[in-house]
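Note that these values count all heavy atoms, side chains included, but never hydrogens, waters or copies made by symmetry. Here is how names work: the chains are called A, B, and so on, in the same order as the sequence lines, proteins then strands, and each is numbered from 1.
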Amino acid sequence: MNKILVVDDEETLRMLIVDTLEDEGYEIEEASDGEEAVTKMTANEYDLVLLDYMMPGLSGIEVMRKVRELPNKKEMKILMLTAKTQKQDIELAYEAGATSFLSKPFSPKELVKLVGDLLNG
Amino acid sequence: MDNKKQSIRSQFITLIMTVSIIMTIGGCLFFYIEKTLEQQFIEEQKMLDDNQNFITEINLLFSEAILRQRGYLAFKNDDDLQIGIQKGKDLGILLNEVENSNLTKEEKVYLNEVQHFMNSIVNIVLPKAVEYVKRDDYESLRKLAASGPTNTVYETQLFLNYTIEKYNDLQKQSIIAYSKQSIINDIYLIVFVLLILISMYFLTRKLTNRIIQPLITLADTSEKIAEGKEVAFLPYKRNDELRTLSQAFFSMIKKLQEREEALAAQNEELTAQQEELINQQDKLNQTLKDVGYLNYALDESSIVAITDAKGVITYVNEKFCQISQFNKDEVIGKTHRILNSNYHSKGFFKDMWSTIIKGRVWNGEIRNRAKDGSYYWVDTTIIPFLDERGHPYQFVAIRHDITSIKETEEQLKLSLDETRKTQETLTYYNNLNHALSVTLDKQELLDKILSELSKIFKFDKGLIFMLDSLDYGKLGISHEHVESLLSDVKESIITRLIDTRQPHIVEREATNGEKGLEQEALRSYDLYVPVFNADRELIAVFISTRINLKFEDKEVYDLQGILSRISLSIERISLYEETERGRQLNKDIIDNVNEGIQLIDTDGQLLQYNETFSNFLRLEEDKKNTPFSEWSYVVARNVIQKNDYIHFLQQVILHEENETVTFRYELEKENERARVFEAYAENLYRNGFKIGTIIVHRDITMEHEVDQMKSELVSTVSHELRTPLASVLGFTELMLNRELKPERQQKYLITIHKEAKRLTNLINDFLDLQRMESGRQVYDKTIVDVEELAKEVLEGFTVNHVLHQFYVKPSAGLKTVSADREKLTQVYTNIIGNAVKFSPEGGNVTVSFTNKEKEVFVHVADEGLGIPESEIPNLFMKFHRIEKTDRQKIGGTGLGLAICKEIIEAHGGKITARSQLGKGSIFTIALPLVKEEVLPEEICLDGDCEENSLKSTIVVIEDDISLAMLLMDELNEAGFHVVHFKDGDNACEKIKKIAPDCVVVDLILDDQTNGWDIIECLKGDSETREIPIFISSALDEREKGIEVGAKQYLTKPYPPSKLSTAILQTLLQEKRTDAIHIPKEKEE
């Protein structure tokens, strides 16, 4: 069973993502801010991390930078979820090490498909 | 000296002593050895002798004993037997001494045996033998002999003989050894003596070297000195008497040499003196001879005269008579006065006389007169002859005819004068030319021209003035004089010069001022010269005056020539001044534009830049005309994108295409603000070739900041809107696409609802804020009591919040403000809402009030989380949220406080916050108070307005009391006297009575009459028709209002200041009332 970490400061959004993915049978863990995300990503292995961009404290970009610096986390798949959709934001996300990028608002169906693609490819 | 002096004596004694001691010891040693050896030898010999004698004696005794005994045995002679026995006994006695002898052990043992044997012979054998003999038993005797004694006797004899022999040998050997040892000793002695000799030799040598040699050197040296030879001698470097000796010797030599040198020098001097004396003698002889010749020659060549002490001539020679044409008789007895030509002054002769009378020789040139009256020049030397007391008793005058020399000299002097003058003139011309070519200041040039010209042409006064600018240069005249001259006679002078185009001279009598001390009448000459430019236009006039000196034609011609050159210079200067003005203007323009401008040539050299540029890039020193490598580095040093910047510069300088290249860069922070610039480069072409590049730098910090803020805002708003939207859309989709349990559906619906509401709030807040920021928010202001309003708002909170206690601290101070009640409620709700939100643990929320001057302060205090100090300045910014985990769950749009700030500021107030982290926050709203006063229905009717008669009166017809109060406040502030009617009853009549300067009318009034009626009435009456009417209404009836004759139409709501400004402007236009201060019209 694939293990997914969902990072978002918005509780409702986290609920939406978790509900959607749990229905698909994934094992889900949650983090409600950047610090927690870094701690969990450092300590555990995840098949995929869904990471919010704008969070208080450490932003999604900062989280990625920190995690990508670690020796065994270069290949960890990270899907960036964001309401920031400007070109430079997307570029910045990829630069910082995002594997893929999904803009908010998103359709749960779309999310499921993207997650599936990422986990299989 | 450190080392002790080693005296030669001590050295010598030490040496001799050492040798003697060694020799003595050696001798003693040898003697001792020799003696010892000898002693040994003698002792040994003695011992050997003793032994030999001893043995020999034994042998003798033994042999005799045996022989006698045998003789007895043979011959039976009793004597023999007696002697034999006696000898045997003697042998026994002798042998007893064996133990005390020096014999060897073996010998002793053997001899003991011999003793035993002998004893046995004597005591045993012999008696037996004697018995046998007596019995003549020779048979037994032979047996007895054969039993041993014979052999033993024989062996003993052998032994004794051998021992004697042995001692003989030993004796011989001992002698040989002794002689050998003696020889060896002798050899050692010889070696020792040799060694002593050798060491004596070396010692002697050393002694010679150390003492004798230096002494020899000294002796040699002194011999040489005695012979008078040059010697080089230095004192010895050693520590004994020789050193002292050599030092003494050295100093002696030195002294000797010095004395010798002195003697030599003296000698030389004496020789020289002698030679000189001889020379002098020769010379003297020669001189004596020469004097003789000289006397002769003098008489032949010179003019000689001798006078007595009083100057009376006592002797003259032939030459004197020849040149003076006088006979000797004619002059002798006379003085030289007869030759006086009256050429020299009396002082000249007086000087001469005083010189010679003092006994000194006088020399000089004198012009004399001959008898026929012709003059001749003589070079005269007068020699006084002195008596013993030093007084002259006669004078000898020797003269030479220098008439021809004098004439030549005169001529030379004349031509020299001429040359000097020419040279001077040339110098002046040079100076003038120099002034013309280097001077760039017109005034300076004119003054220089005059001063130089006056030197050349010797005029006393001069003036040159320009026709166009009336600049002038002057010499010898006052400014006042010049001014009056220019105003009085300028026209006539110019007219004449333009007509004639020629210089002219006016001759007149000199004025008193010109004459100065001179009493006689003098003539003055004024010269007027026109100065033309290249186009033959008159541009200046030159005037000069000479007193008592005419202008020659040539001078005038020269002057004209010079002036035409001067005109060129003046024109050049004019041109320069014009260019300079233009340049300065351009520079001023360029320096004062807001863009930094720099000009670079194609090689990268920085040709020019303006002040703005150097300010922008913080240039501290002048970098004009410096190469690229120098200035670019300095210019780029504060640029953050340094390398890109230099690359850009390089690119644009090399760039050939004529298209604009731009570059955006930031400077390192200065005063906490990062400045952003945009530079664009334009190529500069001349005749189709690129000659350089202009780079213009524009400060776009403001635009940049605005851009940045905009993009941040867009990004934030986008995020804020998309987040709730994501939930709404997501959950909706889930519900649509999946079969869900009712509970889950319920949960999702609640969430959707919550998020949709959040979205709505956000949009509302955002739109509110946008409206407020753009100034489109309408505030419906009424009189509001801030305390009452706070109580109302808190009531709502009390119902819904159980954790918190809400208090209003009543205050006695003024609390009435003019505000939009709804908006102020929004502010309260927001701030109190925040107080509740950010104290999740509950606590007190207290609203209190204070007053200060014309303001009321509303304080809202909570006991919540508090705000970090660093966040307080940003608190009222849009979407600003404090990113701390303790308040993460607390929602909000992030716009609340920004909205509050807008609302409060629109009310002329201020909102601030104080806080202590963890203890709570206090938000304070400051609002201006409205003075509560009783509104009279009609103020100042009829004659009650006296005190306000100077002010313009305005009638305001408004049924909304609070608005009326606002307007009255504003108009009173603006300096008007205001009369307010709250309805339209008889308004027309009342206005007629008051005759105000202006009327403000609301269109919709409470009762029957409306605004329109009042306007119609006022416009219909000739008395009130001209009163300007301002319509203040919420209706949008602008066109109709203007149509019916209103001056302006103000649509409610409007800021009261707009009304007062409009009224002021109107009144100003109509009455030109200067008494009223005119505020600047506010921008819409």
Practice task
Answer yes or no: does atom OH of B/Y680 have more than 12 heavy-atom neighbours from other residues, nucleotides or ligands under 6.0 Å?
Solution key: no
Completion exercise
Whatever's closer than 4.5 Å to a heavy atom in chain A on B/S727 counts as both
Practice task
Taking B/S718 for its side chain and A/A83 for its backbone only, find out whether a donor-acceptor pair lies under 3.5 Å.
Solution key: yes
Handout entry: Residues, nucleotides or ligands: over 12 heavy atoms within 6.0 Å of B/K741 NZ
Key = no
Exercise for the section: Decide if atom NZ of B/K919 counts as having more than 12 heavy atoms of other residues, nucleotides or ligands within a radius under 6.0 Å. Expected result: no
Exercise for the section: Check whether B/V728 gets within reach of chain A through its side chain, its backbone, both or neither, counting any heavy atom under 4.5 Å. Expected result: neither
Fill in the blank from the handout: Tightest non-hydrogen contact, residues A/P105 and B/A726, listed as CB-CA, 3.3 Å
Handout entry: Heavy atoms of other groups near A/K66 NZ, more than 12 under 6.0 Å
Key = no
Fill in the blank from the handout: With chain A, the option among B/K754, B/K747, B/R744 that has the most non-hydrogen atom pairs under 4.5 Å is B/R744
Exercise for the section: Only pairs at least two apart or in different chains count here, so list each ring-ring contact (aromatic ring centres under 6.0 Å, His included) that has a residue in residues 719-762 of chain B. Expected result: B/F731-B/Y748
Practice task
Flag yes if more than 12 heavy atoms outside B/E703 fall under 6.0 Å of its CD atom; otherwise flag no.
Solution key: yes
Practice task
Quick one: list whatever passes salt bridge (Lys or Arg N to Asp or Glu O under 4.0 Å) with A/K40, sequence neighbours left out.
Solution key: A/E36
Practice task
Scan for side-chain hydrogen bond (donor to acceptor under 3.5 Å, both in side chains) pairs involving residues 99-117 of chain A, sequence neighbours excluded, and state none if there are none.
Solution key: A/D8-A/K104, A/D52-A/K104, A/S107-B/E733, A/K113-A/D117
Practice task
Identify the residues of residues 16-27 of chain A whose heavy atoms come closer than 4.5 Å to a heavy atom of chain B, ordered by number, or report 'none'.
Solution key: A/L16, A/D19, A/T20, A/D23, A/E24
